[in-house]
Structures are given as C-alpha cells and as structure tokens.
2 protein chains.
Amino acid sequence: MDSTTALTAFAALSQEGRLEVFRLLVKAGPDGLAAGLIAERVGRAPNTLSAQLNLLQQAGLIESRREGRSIIYSACFDQVSDLIVYLLEDCCAGEPCVAISVQAAADRALCCAPTSSTSS
Amino acid sequence: MDSTTALTAFAALSQEGRLEVFRLLVKAGPDGLAAGLIAERVGRAPNTLSAQLNLLQQAGLIESRREGRSIIYSACFDQVSDLIVYLLEDCCAGEPCVAISVQAAADRALCCAPTSSTSS
DNA sequence: TCGATAGTTCAGCGATTATTGAAATATGGA
DNA sequence: TCCATATTTCAATAATCGCTGAACTATCGA
C-alpha cells in the first residue's frame with residue numbers, strides 16, 4: 001500500500017459517522033448489511049449515509065453488491081490488513097517495540113479466533 | 001485505545017502534510033527533529049508546520065521537548081502501536097485473515113530489526 | 001406497464017479546516 | 001540588557017467537508 005492510498009483510508013476513517021459505519025460492517029462480517037439497514041442502525045438519512053458509504057468504498061475499505069432491490073455493503077478485510085501493515089512497516093520499520101505489541105495482539109486474535117482456513 | 005482517540009489519530013494522519021511530517025519523525029527515531037529542521041525538510045512555513053505538529057501532538061502521535069532554543073519533536077511509538085492494535089482488535093476481531101497478515105508483517109519487522117532491548 | 005420500494009446523485013448551505021502574515025514568547029550569547 | 005534565533009499564537013481568508021431536500025435510477029411484484 002502506498003502513502004496516497006493510506007492517506008485516503010485514514011481520511012475515510014477520520015469521521016465519527018464513517019468510522020461507526022465501518023465498524024458496523026466489520027462486525028457484520030463478509031455477509032455485509034443492506035444500505036437501508038445500516039442507515040436505520042446508525043440513525044442517519046439514506047442520502048447522508050450513501051455519501052459516507054461512497055467515501056469508504058472509494059478508500060477501498062468496503063465493497064458493495066446488488067441483491068434484489070437492496071445494495072449490500074461489506075468490509076474489505078484485505079484493505080484493512082494492508083493499512084495495518086503500512087502503519088507497521090512503512091511507518092514504523094525499525095521500531096521493534098511496535099512490532100512486539102502488534103505481534104502479541106495478532107497472537108491473541110488468532111488464538112481466540114474460530115479455526116477457519118488452516119485448521120492445524 | 002477508545003474509538004474517540006482512534007478517530008483523532010486517523011484525523012491527524014488524514015492530511016498529506018501531516019502524514020509526511022509524521023513519517024519523517026518516525027524515520028528520525030526517538031531522537032526526533034527540531035521544528036525548524038522539519039519545516040525545512042518538508043518545505044513549509046514555520047507557522048504552518050507548527051499547526052500541523054500541534055495537531056499530531058494533540059492526537060498523541062508525537063511529543064515535544066525543548067532543547068536550548070529548539071523544540072524537538074519525536075514520534076510516540078506507543079500510540080502508533082495502540083492504533084494498530086485498535087484496528088486489529090476493535091475493528092477486525094474475529095477476522096483471522098487480517099490477523100494472519102499482520103502477524104506475518106510483525107514477524108518480518110522483528111526478524112530484520114536491530115536487536116534492541118531483549119537480546120536473547 | 002404501473003406503483004412501491006431501495007438507493008443514489010446533485011446543488012446549495014453552514015460548519016470546519018488549512019494556510020498565511022503579523023505579532024508575541026522563549027532562549028542564548030555579547 | 002539588548003539582539004538574534006527558534007518557535008508559537010492570533011486573526012483573517014480561502015478551501016474543503018458534511019448534511020439536507022429534491023429529483024433521479026433500478027428492481028420487484030401485481
């Protein structure tokens with residue numbers, strides 16, 4: 001991930017409403033949520049939300065697919081992990097203290113995670 | 001790290017100029033750089049830069065100390081690692097694919113890093 | 001085809017943000 | 001004490017951002 005992409009991602013996450021929407025979609029998992037449902041959950045007008053979703057999508061943090069009359073939004077986990085790796089490598093290379101904390105956090109996440117792809 | 005703090009950090013990093021300054025300070029390491037030197041490096045007026053440094057500092061991403069007539073700014077690596085952990089845990093808990101990528105990146109960072117605190 | 005539902009796009013407005021010049025503060029040396 | 005250096009603060013302006021109402025597009029079912 002280059003600086004420009006990271007910048008766009010930071011900008012997308014730098015507003016309360018958008019961060020809230022993003023976190024909601026992350027929690028919703030790969031199945032995602034319909035735009036209308038999101039609007040209802042966060043209590044915002046559909047057009048306001050549409051703009052927020054648009055910005056998150058342009059930053060590559062979420063993606064959309066049509067399903068009947070609804071448009072389903074879901075988080076792009078790849079982009080999030082790229083962003084994290086950017087912060088770790090491109091911003092903090094050479095600072096082991098950061099890498100150590102992050103490694104510990106990743107370990108925790110993996111140990112508690114439901115065994116998904118690699119079972120062993 | 002709570003959402004509000006993360007929001008402030010994202011906002012601080014969401015502008016080209018500030019991200020540039022932040023990356024410069026990260027590369028400079030714990031010794032940091034004098035405000036005037038940073039201004040020179042990034043080619044911005046001292047007062048403009050002062051505002052940018054202020055914002056980064058309020059977000060907890062950098063800190064300052066006076067040294068003679070200069071004020072030295074340096075990156076707060078703790079805050080960066082907190083931000084990464086926030087993205088990983090609070091945003092992406094339950095998504096092992098993210099944790100796996102991040103773990104690999106942390107491993108790379110540690111293996112290439114100069115052995116610092118824990119020698120063994 | 002028509003009407004209802006689900007979302008988006010667009011223009012405009014109010015609010016926030018970024019930058020600038022000028023003035024102020026703090027430090028060190030003569 | 002006085003001056004030069006290093007940086008910040010302040011007020012003002014220009015640019016950007018976020019939200020809203022109204023109009024538009026797409027899909028489904030009768």
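Quick caveat: nothing in here was measured; it's all calculated off a predicted structure. Here is how names work: the chains are called A, B, and so on, in the same order as the sequence lines, proteins then strands, and each is numbered from 1.
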Quiz item: Hey, does the side chain of R66(A) come within less than 4.0 Å of dG7(C)'s phosphate (OP1/OP2), counting only N and O?
Solution: no

Quiz item: What about N47(B), does its side chain sit under 3.5 Å from the base of dG21(C) through a donor-acceptor pair?
Solution: yes

Exercise. Can you figure out which of dT19(C), dT8(C), dT8(D) approaches the side chain of Q52(B) most closely?
Key: dT19(C)

Quiz item: To the nearest Å, how far apart are E16(A) CD and dA15(C) C1'?
Solution: 16 Å

Quiz item: So, is Q57(A) close to the dG7(C) phosphate, meaning a side-chain N or O under 4.0 Å from OP1 or OP2?
Solution: no

Exercise. Ignoring backbone atoms, establish whether T48(A) has a side-chain N or O less than 4.0 Å from OP1 or OP2 of dC19(D).
Key: no

Quiz item: Do any N or O atoms from the side chain of R18(B) and from the backbone of A12(B) form a donor-acceptor pair under 3.5 angstrom?
Solution: yes

Quiz prompt | Atom-pair distance (CG on L56(B); C1' on dT17(C)), nearest Å | solution = 15 Å

Self-check item: Under 3.5 Å side-chain donor-acceptor pair for D2(A) and T5(A)
Solution: yes

Quiz prompt | S70(A) side-chain N/O to dG7(C) phosphate OP1/OP2 under 4.0 Å | solution = yes

Practice problem: Measure from the side chain of R69(B), starting at C-beta and using heavy atoms only, and say which of dA6(D), dT8(C), dT20(D) lies closest. | Solution: dA6(D)

Quiz item: Between Y73(B) and dT8(D), is there a side-chain N or O to OP1/OP2 distance below 4.0 Å?
Solution: yes

Quiz item: Can you tell me if the side-chain N/O atoms of Q15(A) get under 4.0 Å from OP1 or OP2 in dT16(C)?
Solution: no

